[in-house]
Amino acid sequence: MEAGALKRLYGAMAEDQLTNGENIGSPQLRDWLRSANQLFTKQRALEKRIVNSFGTESDGSIASLMRRAIDQGSKGDATALAKLLKVVPPELQKETVASALMSTTRARGGAESGGFGFSEFAKTYRGLRQNAPVYAQVAKAIGQENHQMLADLYSVSKRVTDARA
């Protein structure tokens with residue numbers, strides 16, 4: 001398909017997802033889903049900006065370091081997260097951690113493949129919360145207001161995941 005047709009198709013699918021989120025859940029769920037999708041878009045832009053600013057490291061691009069930091073952090077290993085926060089300037093740490101979290105929680109299958117993954121987010125966030133030293137780094141980087149938003153997003157994601165099951 002041509003790029004314009006694909007954009008229209010993806011736009012219609014995104015709007016359908018938002019509408020169904022509102023119909024099944026609430027207007028607030030629609031807003032949360034829109035926010036999650038916007039974070040995903042910002043994450044992609046931030047990855048490009050960081051790679052352009054810092055280049056790549058021997059293990060690959062900083063985008064892979066971002067995903068690895070969250071993946072390993074959710075399993076209790078804070079090494080990659082500490083390395084990530086050393087590489088990124090303090091004024092970009094909030095966006096970097098949020099982007100890394102959204103990158104690792106993309107839906108891996110089904111109709112929403114590549115978009116926000118409720119079950120993936122719930123699993124990752126739960127793993128981070130169970131590892132207090134790791135989550136302390138995450139919470140410090142993203143700030144108190146965003147820490148609460150992640151907790152709310154976890155609650156919604158868990159409920160959506162449970163409802164799907």
Side-chain angles (χ1 to χ4, degrees), residues 10 14 17-18 21 25 28-110 112-162:
Y10 291 144
Q17 186 181 38
L18 291 171
Q28 187 177 27
L29 179 59
R30 179 187 178 101
D31 292 341
W32 285 341
L33 183 55
R34 179 180 289 123
S35 294
N37 288 336
Q38 288 171 342
L39 280 174
F40 175 75
T41 301
K42 288 179 181 180
Q43 173 260 326
R44 299 299 273 175
L46 181 62
E47 279 181 8
K48 289 179 185 175
R49 222 170 76 207
I50 289 175
V51 169
N52 288 337
S53 297
F54 295 101
T56 58
E57 58 179 290
S58 61
D59 296 322
S61 76
I62 193 149
S64 63
L65 174 60
M66 291 166 59
R67 286 188 293 275
R68 189 170 51 251
I70 296 299
D71 282 338
Q72 291 176 356
S74 69
K75 296 172 184 158
D77 182 0
T79 307
L81 184 59
K83 182 177 180 182
L84 173 66
L85 293 175
K86 267 190 203 177
V87 171
V88 176
E91 65 272 10
L92 294 176
Q93 288 182 357
K94 175 171 59 172
E95 290 84 0
T96 301
V97 170
S99 294
L101 185 57
M102 292 302 108
S103 175
T104 60
T105 59
R106 281 190 214 131
R108 294 190 177 39
E112 64 196 31
S113 183
F116 181 76
F118 291 104
S119 63
E120 290 85 351
F121 180 83
K123 178 182 175 189
T124 300
Y125 181 83
R126 184 174 42 253
L128 290 170
R129 286 304 305 227
Q130 289 172 347
N131 297 292
V134 174
Y135 191 76
Q137 290 180 13
V138 170
K140 180 180 176 193
I142 64 171
Q144 182 59 36
E145 69 284 352
N146 294 317
H147 154 71
Q148 185 56 51
M149 185 206 57
L150 288 180
D152 293 343
L153 187 55
Y154 167 73
S155 178
V156 169
S157 294
K158 184 172 180 347
R159 289 178 184 161
V160 167
T161 301
D162 291 348

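Because only heavy atoms are used, hydrogens play no part in the values below, and waters and symmetry mates are left out as well, while side chains stay in.
- Between Phe121 and Phe116, the ring center distance clears the sub-6.0 Å criterion.
- Put simply, CG on Leu150 and OG1 on Thr124 are 11.5 Å apart, with the number rounded to the nearest 0.5 Å.
- With Ser155 contributing its side chain and Ala151 its backbone, the two residues share no donor-acceptor pair below 3.5 Å.
- Considering all non-hydrogen atoms of both residues, Met66 and Thr96 come closest at CE-O, 3.5 Å.
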Report task. Please test Arg129 against Arg126 for side chain to side chain contact (heavy atoms under 4.5 Å, CB included), starting from the C-alpha separation and ending with a verdict. Result -> CA-CA 5 Å; Arg129 286 304 305 227; Arg126 184 174 42 253; 5.8 Å; no
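- To the nearest 0.5 angstrom, Thr41 atom OG1 is 12.0 Å from Met102 atom CE.
- The shortest non-hydrogen separation linking Leu128 to Gly73 is CD2-C, 3.5 Å.
- For Lys75 and Asp71, the salt-bridge test fails: no basic side-chain N is under 4.0 Å from an acidic carboxylate O.
- Ser103 contributes atom OG, which lies 7.5 Å from atom CZ of Phe40 (distance to the nearest 0.5 angstrom).
- With rounding to the nearest 0.5 angstrom, the CG atom of Leu101 is 12.0 Å from the CD atom of Glu120.
- Taking the charged nitrogens against the carboxylate oxygens, Arg34 and Asp31 do have a contact shorter than 4.0 Å, which makes a salt bridge.
- Shown here for Ala100 and Ile70, the closest heavy-atom pair between the two residues is CB-CG1, 3.6 Å.
- Although no hydrogens or angles enter the test, the distance criterion places a donor-acceptor pair under 3.5 Å between the side chain of Thr161 and the main chain of Ser157.
- Looking at Thr79 and Lys83, their side chains never come closer than 4.5 Å, going by heavy atoms from C-beta outward.
- Taking the six-membered ring where tryptophan is involved, the planes of Tyr125 and Tyr135 are perpendicular, since the angle between them exceeds 60° and thus also 30°.
- The shortest non-hydrogen separation linking Val97 to Ile142 is CG1-CG2, 3.7 Å.
- One finds the NE2 atom of His147 at 9.5 Å from the CG atom of Asp152 (value rounded to the nearest 0.5 Å).
- The side-chain heavy atoms of Leu33 and Phe118, taken from C-beta on, include a pair separated by under 4.5 Å.
- Rounding to the nearest 0.5 Å places CZ of Arg30 at 10.5 Å from CD of Gln17.
- With a 4.5 Å cut-off on side-chain heavy atoms, Leu81 and Leu85 count as touching.
- Between Arg159 and Leu29 there is no side-chain heavy-atom pair separated by less than 4.5 Å.
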